[in-house]
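Heavy atoms only: backbone and side chains are in, while hydrogens, waters and symmetry mates are out. Chain A is the first sequence line, chain B the second, and so forth, proteins listed ahead of strands; every chain is numbered from 1.
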Amino acid sequence: MMNDSIKKSVLNVPSHTELRRQVISTRRVSVVGGKLLSNVSTRSSGAGARVYKNGVWGFSSIGNPDDDGIKAILKSAGENALLLDSRKPKNRGPLTNASSFEFTEKRPFQETNQKQLIDFARALDSYISEKYPSLTSRSVVISADCIEKELITSEGTFSFQLFPRVYVVVVMSDEANDGENIELFDILGGGEGYFTDYYCDPSELYPAVDRLYTELQQKREGVFPDAGEKLCIIDSSISGMVAHEAVGHTVEADLVLAGSVAATSLGMQVASPLISLTDFANTAFGKKAPLPVYVDDEGTPCRDAVIIKDGVLTGYMNNLESAMHFGMEPCGNARAYAFVDEPLIRMRNTAIHPGKDKLEDMIASVDNGYYLTKTQNGQADTTGEFMFGITMGYEIKNGKLGKALRDTTISGVAFNMLKTVDMLSDGVSWDFAGYCGKKQPMPVGMGGPALRCRVNIGGR
Amino acid sequence: MEMQKLKDAALYAVDKLLEEGADEAQSSAAEGRTEEFNVDAGEFSLIRSVFSSSIGLKAIKDKKKGTTAVNSLDKDDIDDAAKECVQAAISGAEDDAVCIAEKETNMDFRDGVLEGNKEKFFDSIIKFIDDVKKDYPQIMLEQVIANYSYGKHVFANSNGVLFSEEDGSYSISVMYSAHDGDKTTSFNYFDVETLDPGADIMELGMTRTMFERAVAELDAKPFEGKFVGTAVLSPICLTELISVITGSFCGDIALIEGTSPWKNLLGEKVASDSFTLKVIPNDSRIICGEKITAEGYKSENYDVIENGVLRSFCLTQYGANRTGLNRSPSTSGSVEVKAGGESLDEIIAKIDRGILVCRFSGGEPASNGDFSGVAKNSFLIENGKISRPLTETMISGNFAAMLKQVEGISRETLQDGGCVLPYAAFGGVTVSGGAQAE
């Protein structure tokens, strides 16, 4: 923890200054084809300082510093800010975070036992191997990481937060009827917290493994969709990707300033009136959000950022600087991944709000289209054009599910696609296991209900 | 820290792992610094200085492996990490394939710029930003990250392997789009490396070509309909295909799991005669290429595909032990696709209907090479000419099949310090689109 001398050296800086101490610990175990391929633990700790000067920033970081090391990076960050201000001045005046408060995480850090992870992964692998010996390959991966952050700002805000996360991934592959190898994966359980918060007995995951195997067998007989724009039901397990990739990135204020499609859409109808979308800070729909954040890395207390309300674009995600530029209230979206990283505008738990339809009614309403149930990755463009890889789905013929689909891709332009949404399911699914990539990685949550919409789908 | 002290730390870690009970031990100690300039939305935003140190440990005990990494070179931290590493190995599972590198000839490598010139490099970036505004006023530099990185690295193991390397270079990553009134393009990006702090960044790599194409994309329209034709992949886009070759077709996991479609094709034809893919960490066109593989062998150039024939997989020693195949001489991502004899214009002139793909945004290709995704920053080719820029257009196909339908490889190459890549044209790609509902 930071001592009084360090705190004093930050509080005495006249320009907005942040000092962050962080520890990131990761554990990863992977059993591939019965062999323990990865058995890794890492620990990285250090401090980063950022200093503001008239519209530009200086940053400096160092691993495992003592008091002198911390003072050195504060000095180096200040010199970097001064150098940039002297060569490329913006003359934007001071930046101040109005808030000054303390937040301290109450739960203790809990060490994870590597052997426990290995034993669990091997037990799950044995179950798969014995029950489904015909699989061409199988792997079980367990990831357990924790970020500890301690922050002090020149305005006097102090916070200490923990961000633990754990999940199990199972991957299976088999030979399809045409001889090609096909693959399917799923995340089984887990969430914000420690291994023992979610996992006890591997047998608790057997039903989920069995479901995954059943889907893989359906996919073995799968077909490629007809390429082109189709009426689709995007399952709630995927719609978070729509919220995050297709919309979320375009409303990050740094990308708005760089000319994203949202720059000219504020206050406009950008989606069906059925659509509302929020970047939740720490609670969502009456429950704890999947990856709660309470204070961001500029010292702003986190609250929800309402992005789309009833189809109208109402706001952006901001840091202190962009909030001042747009005349918006900052909601705590400035986040840095590691101590070597400066805070960037990042999402937290971004979700489309649920509707009132039942999923079965939505499927029954489609004469000729697709029900898309699993995704693997997604990318978005500042124009709002997005792409998601689809790894599982089904044809819908005359309101009934048909053959499974082989791997494909969907794409569209977010604000166009969202205008075609005419049904929303009444439940929300969250995804918490991904990393968002934007210069730095960042764990994020994303969620939403099932959507009925028109979207481009790739064929073969 | 002096190089000798870094060597001492790496050797101390190996000894400590053995003392804790490891049968075999390996360490990889590194120290470095980075000076970075950031430009956001066309304006300088941040200067960042990072000082780093780390050590990665690997222990093998009773044929069981554990690995640990910490960002400290202090003895107490190395002691703790060594203890944890050996405990992880003891908790692990037996695997006959786990190993450490055999001793060859120990070497010390030095490469690149060991003392960066921050001021001169800053001047170059300022000039680049000003040049873009002057020469390409429609280009928005969404983000530029320019840095000088210097690093020292020592690799040691209990077989007596002791390598050291010290290098430094300048790199520039640019993400940009074009804007004109209400018209805006998809973003695109490129990276270039140089050893010259005073380099004219505008003239490195294919910088001007990429900006010119972005401006031409301002009038992009969605493609409607569907056809099977020729896809010309830009050099940067070609890296997508190469990562499938080196990963899904030739990599450790694909061959260990047996999912590679090429698993039985070593020495066989997998591509058209004109396609040659080399891994070239020691090539003079590569800046600060890999000197030591991830496992501790001296890194060497090698051919993956020579004139269409699969000459080597891309296997580590572990992957080789698991599959009974040979270890590849490098784990580097620095690659060359051998240039052809035609110009890009000559290749396009032969195409009746196709697409020039300058960026691919797609799902992870299936292990058999099936892919589909959005052709970004791309242009329609009709009757031997680029006819118009495209948006909202998807392409799909199979990478393994495409490699057997090479229709042309350009003599122009991208040389960005990390690779040497031409344009390459492949037949049999499905191009499809469809207007969005309003």
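The residue among A/Thr136, A/Thr26, A/Val29, A/Ile118 with the most heavy atom pairs within less than 4.5 Å of chain B is A/Ile118. Of the listed residues (B/Gln87, B/Glu36, B/Glu35), the one with the most heavy-atom contacts under 4.5 Å to chain A is B/Glu36. Taking A/Arg43, A/Lys115, A/Glu79, A/Glu321 one by one and counting their heavy-atom pairs under 4.5 Å with chain B, the maximum is reached by A/Arg43. Per-residue counts of heavy-atom pairs under 4.5 Å with chain A were compared for B/Asp40, B/Ile126, B/Ile256; the largest is that of B/Ile126. Contact count against chain A (heavy-atom pairs under 4.5 Å) is highest for B/Gly92 among B/Ala366, B/Ser177, B/Gly92. Note: A/Leu83 leads A/Ile62, A/Ile390, A/Leu83 in heavy-atom pairs under 4.5 Å with chain B. For the set A/Val32, A/Leu84, A/Leu36, A/Val40, the count of heavy-atom pairs under 4.5 angstrom toward chain B peaks at A/Leu84. Of all the listed residues (A/Glu183, A/Arg122, A/Gln114, A/Arg138), the one sharing the greatest number of non-hydrogen pairs under 4.5 Å with chain B is A/Arg122. Chain A forms the most heavy-atom pairs under 4.5 Å with one residue out of B/Met140, B/Lys58, B/Arg33, B/Glu94, and that residue is B/Met140. For chain B, the option among A/Arg50, A/Gln379, A/Lys53, A/Lys230 with the highest count of heavy-atom pairs below 4.5 Å is A/Gln379. Of the listed residues (B/Gly362, B/Gly66, B/Gly373), the one with the most heavy-atom contacts under 4.5 Å to chain A is B/Gly362.
The structure places CG of A/Asn456 at 7.0 Å from CD of B/Glu392, a figure rounded to the nearest 0.5 Å. Atom OG in B/Ser91 sits 7.5 Å away from atom CG in A/Asp119 (nearest 0.5 Å). A distance of 5.0 Å separates CZ of B/Arg359 from CG of A/Asp381, quoted to the nearest 0.5 Å. Between atom OG of residue B/Ser361 and atom CD of residue A/Glu245 there is a gap of 8.5 Å, rounded to the nearest 0.5 Å.
Only the side chain of A/Lys439 comes within contact range of chain B, with heavy atoms under 4.5 Å apart. Looking at B/Thr393, only its backbone comes within 4.5 Å of chain A, counting heavy atoms on both sides. Interface remark: B/Tyr176 contributes no atoms to any contact with chain A (heavy atom separation under 4.5 Å). Interface remark: A/Thr382 contributes backbone and side-chain atoms alike to the contact with chain B (heavy atom separation under 4.5 Å). Heavy-atom distances place the side chain of B/Ile253, and not its backbone, under 4.5 Å from chain A. Contact of B/Ala97 with chain A is not made at all, since no heavy-atom distance falls under 4.5 Å. Contact of B/Ile145 with chain A is made through the side chain alone, with heavy-atom distances under 4.5 Å. Proximity to chain B is limited to the side chain of A/Arg92, based on heavy atoms less than 4.5 angstrom apart. Only the backbone of A/Phe386 comes within contact range of chain B, judged by heavy atoms closer than 4.5 Å. Contacts between B/Ser52 and chain A at a heavy-atom distance below 4.5 Å are absent for every atom of the residue.
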Hey, mind stepping through B/Asn38 and A/Glu342 against side chain to side chain contact (heavy atoms under 4.5 Å, CB included) and telling me if it holds? CA-CA 11 Å; B/Asn38 285 244; A/Glu342 75 280 16; 3.8 Å; yes
Show your reasoning for whether side chain to side chain contact (heavy atoms under 4.5 Å, CB included) applies to B/Phe371 and A/Thr409. CA-CA 8 Å; B/Phe371 72 91; A/Thr409 303; over 6 Å; no
Run A/Asn64 and B/Asn71 through side chain to side chain contact (heavy atoms under 4.5 Å, CB included) and show every step you take. CA-CA 8 Å; A/Asn64 302 294; B/Asn71 71 324; 3.5 Å; yes
Decide side chain to side chain contact (heavy atoms under 4.5 Å, CB included) for B/Lys376 and A/Glu385; before the verdict, give the C-alpha distance in whole Å, the side-chain angles of both, and the deciding distance to 0.1 Å. CA-CA 9 Å; B/Lys376 313 284 281 189; A/Glu385 193 175 10; 3.1 Å; yes
Pair B/Ser367, A/Asn181 - check side chain to side chain donor-acceptor pair (under 3.5 Å), show working. CA-CA 7 Å; B/Ser367 53; A/Asn181 193 68; 3.0 Å; yes
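Minimum heavy-atom separation, A/Lys90 to B/Ser45: NZ-CA, 4.1 Å. Considering every non-hydrogen atom in both A/Ile457 and B/Met394, the closest pair reads C-SD, 4.0 Å.
When atom types are taken as modelled, the side chain of B/Arg48 and the backbone of A/Ala77 share no donor-acceptor pair closer than 3.5 angstrom. Listed for the B/Lys65 side chain is a donor-acceptor partner under 3.5 Å among the backbone atoms of A/Leu37. Not a single donor-acceptor pair under 3.5 Å links the side chain of A/Asp254 to the backbone N or O of B/Glu142. At distances below 3.5 Å, at least one donor-acceptor pair connects side-chain atoms of B/Thr67 with backbone N or O atoms of A/Asn39.
Using a 4.5 Å heavy-atom threshold, the side chains of A/Glu175 and B/Thr259 count as separate. Between A/Lys35 and B/Tyr318 there is a side-chain heavy-atom pair separated by less than 4.5 Å.
Close approach to chain A, defined as a heavy atom under 4.5 Å from one of its heavy atoms, is seen in B/His179, B/Thr184, B/Thr185, B/Ser186, B/Phe187 of residues 179-187 of chain B, taken by number. Within residues 256-265 of chain A, the residues having any heavy atom less than 4.5 Å from a heavy atom of chain B are, in residue-number order, A/Leu257, A/Ala258, A/Gly259.
No donor-acceptor contact under 3.5 angstrom links the side chains of A/Ser60 and B/Ser49, judged on distance only.
Applying the 6.0 Å contact sphere to NZ of B/Lys118 captures more than 12 heavy atoms from other residues, nucleotides or ligands. Heavy-atom neighbours of A/Lys75 NZ from other residues, nucleotides or ligands within 6.0 Å: at or below the threshold of 12. The environment of B/Tyr189 atom OH is sparse: at most 12 non-hydrogen atoms of other residues, nucleotides or ligands sit within 6.0 angstrom.
A cation-pi arrangement is absent between A/Arg87 and B/Phe44, since the terminal nitrogen or guanidinium carbon is not both under 6.0 Å from the aromatic centre and inside a 45° cone about the axis.
Between B/Lys226 and A/Asp226 there is no salt bridge, since no side-chain N of the basic residue sits under 4.0 Å from a carboxylate O of the acidic one.
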